[in-house]
2 protein chains.
Amino acid sequence: MSTSADNNDIEEGLAFRPKFDASGLVTCVATDIGTGEVLMVAHMNDEALRKTIASGEAWYFSRSRNALWRKGETSGQVQRVVEMRMDCDQDAVWIRVEQTGAACHTGRRSCFYRAVRSGEGGAQLSFVDADRLFDPKDVYGK
Amino acid sequence: MSTSADNNDIEEGLAFRPKFDASGLVTCVATDIGTGEVLMVAHMNDEALRKTIASGEAWYFSRSRNALWRKGETSGQVQRVVEMRMDCDQDAVWIRVEQTGAACHTGRRSCFYRAVRSGEGGAQLSFVDADRLFDPKDVYGK
């Protein structure tokens, strides 16, 4: 059980104590150092966090592939980490990155290439900043 | 089971089809419309998404309190949503907001008020942009 003292340490302390979820992961938000745009949201396990901090390049943990993953290892679209920050309860990190090319596996600069708008019959999406910088077929062969 | 056709619909389609996790949640990143700063990372369930889209103010679902929550309902620190975007696999949303006061329950503008740096004996935190805009004791009475 957590206590108020624990919470105070986690929120106000300077010890790096990531709070991993039941799957051993924290959430990571990557933003573009130049534009502030959110490029992607992904997850890091303990090893991905350590490798990111040590190398200065973003490593993630893929839930779908159940594997550690260096961003750009297949696509070449690496992320150089300029700054990493931890949130209040230490279950999310924010990295400001220099993104080579496109962050999204669909070839877009950002994974967030569709806006959500209220429409008749409910919410709808529309493309925004959705130009592809590469063709996924060329990069991933599928 | 998902198929390639399903994935293509989710990634390239314009239907709003949020992919909720086992707890019925998607991740939400809120950034400041002016500065691009990441203010907070939280979660939305179906109802929080609908209320956010309909009202133009951010609603979340608190995992710790297991309750729907209008951002600012206790603190007054509301978030007006200027734009909402959905990511490629529709399990994360990004909202650009006008934040009244502070986003963080600790009184800081952003929840990300500590930088992570590599140090002797491992990673360490240091305060960055950590001034409090309000005293949580005054606002939450604890």
Side-chain angles (χ1 to χ4, degrees), chain A residues 4 11-18 21 27-29 31-32 35-38 40-43 49-50 52-54 56 63-64 81 83-96 104-106 108 110-119 122-130 142, chain B residues 4 11-18 21 27-29 31-32 35-38 40-43 49-50 52-54 56 63-64 81 83-96 104-106 108 110-119 122-130 142:
Chain A
S4 294
E11 293 181 355
E12 301 301 330
L14 296 177
F16 180 68
R17 290 172 57 183
D21 69 10
T27 302
C28 177
V29 180
T31 64
D32 185 299
T35 64
E37 177 184 29
V38 177
M40 58 188 284
V41 172
H43 294 84
L49 270 173
R50 289 176 191 281
T52 300
I53 294 166
R63 294 181 299 178
S64 58
V81 179
E83 187 182 35
M84 177 185 276
R85 293 205 191 181
M86 179 64 91
D87 81 342
C88 47
D89 56 2
Q90 300 209 29
D91 67 356
V93 296
W94 166 25
I95 54 175
R96 299 167 71 207
C104 186
H105 74 288
T106 67
R108 279 90 173 198
S110 161
C111 295
F112 294 87
Y113 50 84
R114 288 171 299 184
V116 182
R117 294 199 182 94
S118 180
Q124 293 179 333
L125 305 182
S126 58
F127 288 109
V128 185
D129 303 331
K142 58 182 179 182
Chain B
S4 294
E11 294 181 354
E12 300 301 330
L14 295 178
F16 179 68
R17 290 172 57 184
D21 69 11
T27 303
C28 177
V29 180
T31 63
D32 185 297
T35 63
E37 179 184 27
V38 176
M40 58 186 284
V41 172
H43 295 84
L49 270 174
R50 290 175 191 281
T52 300
I53 294 167
R63 294 179 300 177
S64 58
V81 179
E83 186 183 35
M84 177 185 275
R85 294 206 191 180
M86 180 64 92
D87 82 340
C88 47
D89 55 2
Q90 300 210 29
D91 66 356
V93 296
W94 167 24
I95 54 175
R96 298 166 73 207
C104 186
H105 74 289
T106 67
R108 279 92 174 196
S110 161
C111 295
F112 294 86
Y113 50 85
R114 289 171 297 184
V116 183
R117 294 198 182 95
S118 181
Q124 293 180 332
L125 306 181
S126 58
F127 288 110
V128 185
D129 303 331
K142 59 183 178 185

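Chain naming here is simple, since letters A, B, ... match the order of the sequence lines and numbering starts at 1 in each. Keep in mind the model is a prediction, meaning the values are calculated, not measured.
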By a 4.5 Å heavy-atom criterion (distance strictly below it), what part of [X] contacts chain B: side chain, backbone, both, or neither?
X: Val29(A); result: side chain
X: Ala92(A); result: both
X: Glu11(A); result: both

- [ ] Sort Asp91(B) into side chain, backbone, both or neither according to what part of it lies under 4.5 angstrom from a heavy atom of chain A.
- [x] side chain

TODO: Identify which part of Ala123(B) has an atom lying under 4.5 Å from any heavy atom of chain A, answering side chain, backbone, both or neither.
DONE: both

Task: Separation between CZ of Arg117(A) and CD of Glu83(B), rounded to the nearest 0.5 Å - done: 7.0 Å

Task: Distance, nearest 0.5 Å, that separates CZ of Arg85(B) from SG of Cys111(A) - done: 12.0 Å

TODO: Please list, chain by chain and in numerical order, all residues satisfying side-chain contact (heavy atoms from CB on, under 4.5 Å) with Ser118(A), sequence neighbours excluded.
DONE: Ile53(B)

TODO: State which residues pass side-chain contact (heavy atoms from CB on, under 4.5 Å) with Glu12(B); sequence neighbours excluded, sorted by chain then number.
DONE: Thr106(A), Arg108(A), Tyr113(A), Phe127(A), Arg132(A), Asn8(B)

Tell me, out of [options], who's got the most heavy-atom pairs with chain A below 4.5 Å.
options: Val128(B), Thr31(B), Val93(B); value: Val128(B)
options: Ile95(B), Asp129(B), Asp32(B); value: Asp129(B)
options: Gly36(B), Ala115(B), Ala130(B); value: Ala115(B)

- [ ] Write down the atom of Gly13(B), the atom of Arg114(A), and the distance for their closest heavy-atom approach.
- [x] O-NH1, 2.8 Å

Task: Minimum side-chain heavy-atom gap Leu125(A)-Gln90(B) below 4.5 Å - done: yes

